[in-house]
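The next block holds one structure in the form of structure tokens; read it before the comments.
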Amino acid sequence: MAYALVLNSGSSSIKFQIVDPTASASDRPFVTGLVERIGEPNGRISIKIEGRHVESNMPIRDHRGGLMLAIAMLDANGAGPTAVDIIACGHRVVHGGKTFSAPVLVDDEVVEQIRELVPLAPLHNTANVDGIEVARDLLPNVPHVAVFDTGFFTDLPAASANYAIDLDVAQQHQIRRYGFHGTSHEFIAREVADHLGQSVEELNQIVLHLGNGASVSAIRGGQAQDTTMGLTPLEGLVMGTRSGDIDPGVIFHLYRTAGMDIDAIDDLLNRHSGVKGLSGVNDFRVLHEKMEEGDEKAKLAYDVYIHRLRRYIGAYMITLGRVDTITFTAGVGENDATVRTNSLADLENFGIKIDEEKNQNGSGPRIISTEDSATKVLVVPTNEELAIAQKSAAIAESL
Ligand code: ADP
């Protein structure tokens with residue numbers, strides 16, 4: 001069988017999967033693995049091969065060392081490139097800027113172009129380039145493909161892509177709304193169409209990707225019309241640890257009156273805000289427990305989260321005019337029936353009605369709206385690795 005190796009390289013970790021690109025979204029990947037704490041003394045590589053767990057603890061110097069060890073562990077267990085037919089290596093790249101709207105076969109020039117986008121995503125793109133370079137060295141005979149988180153949103157209409165700031169400043173510094181989680185939004189839009197037996201071109205969709213990071217998109221006929229994340233993943237919804245939308249004046253205020261420097265504000269808004277900033281926790285399972293115990297901060301965090309989510313659902317209903325489907329996906333969206341209930345409560349007048357029996361039960365891709373709901377509401381598990389595997393294999397096969 002032919003597989004794709006999918007790599008998601010972070011600043012101190014590499015997540016990887018070996019996936020059959022023809023699998024369906026709910027199939028278990030052949031291999032999942034994680035190299036973590038790169039650069040620290042207590043590094044770890046953990047790999048699951050068809051459900052069997054192998055692990056190794058040792059200091060991992062850098063990405064090169066991490067990937068070499070991971071490949072050696074895979075080979076020792078009969079699941080590495082020497083035993084398995086790897087037809088493509090797909091790399092998740094966070095920022096494709098305006099340069100990359102579609103997945104691309106990696107060559108030296110592409111690596112340079114991704115590097116040029118580092119100022120737009122300093123931590124992410126640096127790690128992504130490291131991962132690509134190391135993987136190209138270690139697997140020189142496999143086509144490498146870069147798949148961009150921003151790609152699906154490259155052609156956003158100008159009205160939603162632009163910020164209303166001095167145009168010269170915006171152009172000089174590449175400031176615009178890029179959007180993220182694009183691989184997931186696009187994948188879900190297609191899965192929804194498949195599930196309904198319709199083509200993606202005939203559907204107007206709202207996709208709610210609610211994980212630790214979270215974003216909404218409005219998609220008309222398979223084309224993204226708007227999305228909640230912007231220049232960076234900080235804009236939009238309230239997230240696990242990110243504030244989402246905030247008056248930029250808050251930043252000036254913190255700088256001028258609280259004496260915080262720009263890195264401290266960055267840290268506050270990206271890592272100590274959102275649901276965690278308001279309540280102390282960012283896992284929705286714990287948040288619900290705290291709410292049941294009467295914790296008022298947890299209740300406030302939940303209410304602010306739902307309020308922002310409803311605001312965007314309403315906005316995208318207007319953007320699309322006719323909404324055929326609203327789909328929940330990612331950790332919170334797939335698992336938290338209460339969030340689903342509350343985010344679409346009291347919208348019967350807009351033709352949106354959840355069937356609570358279906359909402360509370362079931363698994364896998366499914367419709368959770370009533371028969372008479374004009375807009376179908378669905379839960380569809382996302383699988384970004386499979387999406388990257390599919391795109392990478394398609395490019396490899398076209399060579
Ligand atoms: P990311 O990929 O952004 O890290 P995920 O899509 O994996 O995030 O979502 C992780 C989040 O999903 C967790 O922080 C938690 O809040 C939520 N989550 C996971 N399982 C459940 C569950 N059973 N009920 C409610 N929330 C859940």
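Counting starts at 1 for both ligands and their atoms, following the listed order.
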Over all heavy atoms of both residues, which pair between [X] and [Y] is shortest? Give the atoms and the distance, please.
X: Val377; Y: Phe328; result: CG1-CE1, 3.8 Å
X: Gly331; Y: Asn335; result: O-ND2, 2.8 Å
X: Gly151; Y: Thr154; result: O-OG1, 2.7 Å

At what distance is the nearest protein heavy atom to [atom], and which residue and atom is it?
atom: atom 17 (C) of ligand 1; result: Val332 CG2, 3.6 Å
atom: atom 14 (O) of ligand 1; result: Asn282 O, 3.8 Å
atom: atom 24 (N) of ligand 1; result: Arg285 CG, 3.4 Å
atom: atom 23 (N) of ligand 1; result: Asn335 CB, 3.4 Å
atom: atom 26 (N) of ligand 1; result: Phe284 CB, 3.6 Å
atom: atom 6 (O) of ligand 1; result: Gly331 N, 2.9 Å

Chi angles and distances behind the side chain to side chain donor-acceptor pair (under 3.5 Å) call for Tyr312, Asp245: CA-CA 11 Å; Tyr312 274 114; Asp245 293 340; 2.4 Å; yes
Contact check, side chains of Met239 and Val275, non-hydrogen atoms, under 4.5 Å: no
Student check: side-chain heavy atoms of Arg61 and Glu40 closer than 4.5 Å: no
Taking 4.0 angstrom as the limit and counting only heavy atoms of [X], give me the atoms of ligand 1 inside it, by number and element.
X: Gly213; value: 3 (O)
X: Gly211; value: 5 (P), 6 (O), 8 (O), 9 (O)
X: Ala330; value: 6 (O)

Ring geometry between His95 and Phe180 (parallel below 30°, tilted from 30 to 60°, perpendicular above 60°): perpendicular
Pair Phe30 and Tyr3, ring centroids less than 6.0 Å apart: yes
Any protein heavy atom < 4.0 Å from atom 2 (O) of ligand 1: no
Options Thr382, Asn212, Asp283, ranked by nearest heavy atom to atom 4 (O) of ligand 1, top entry: Asn212
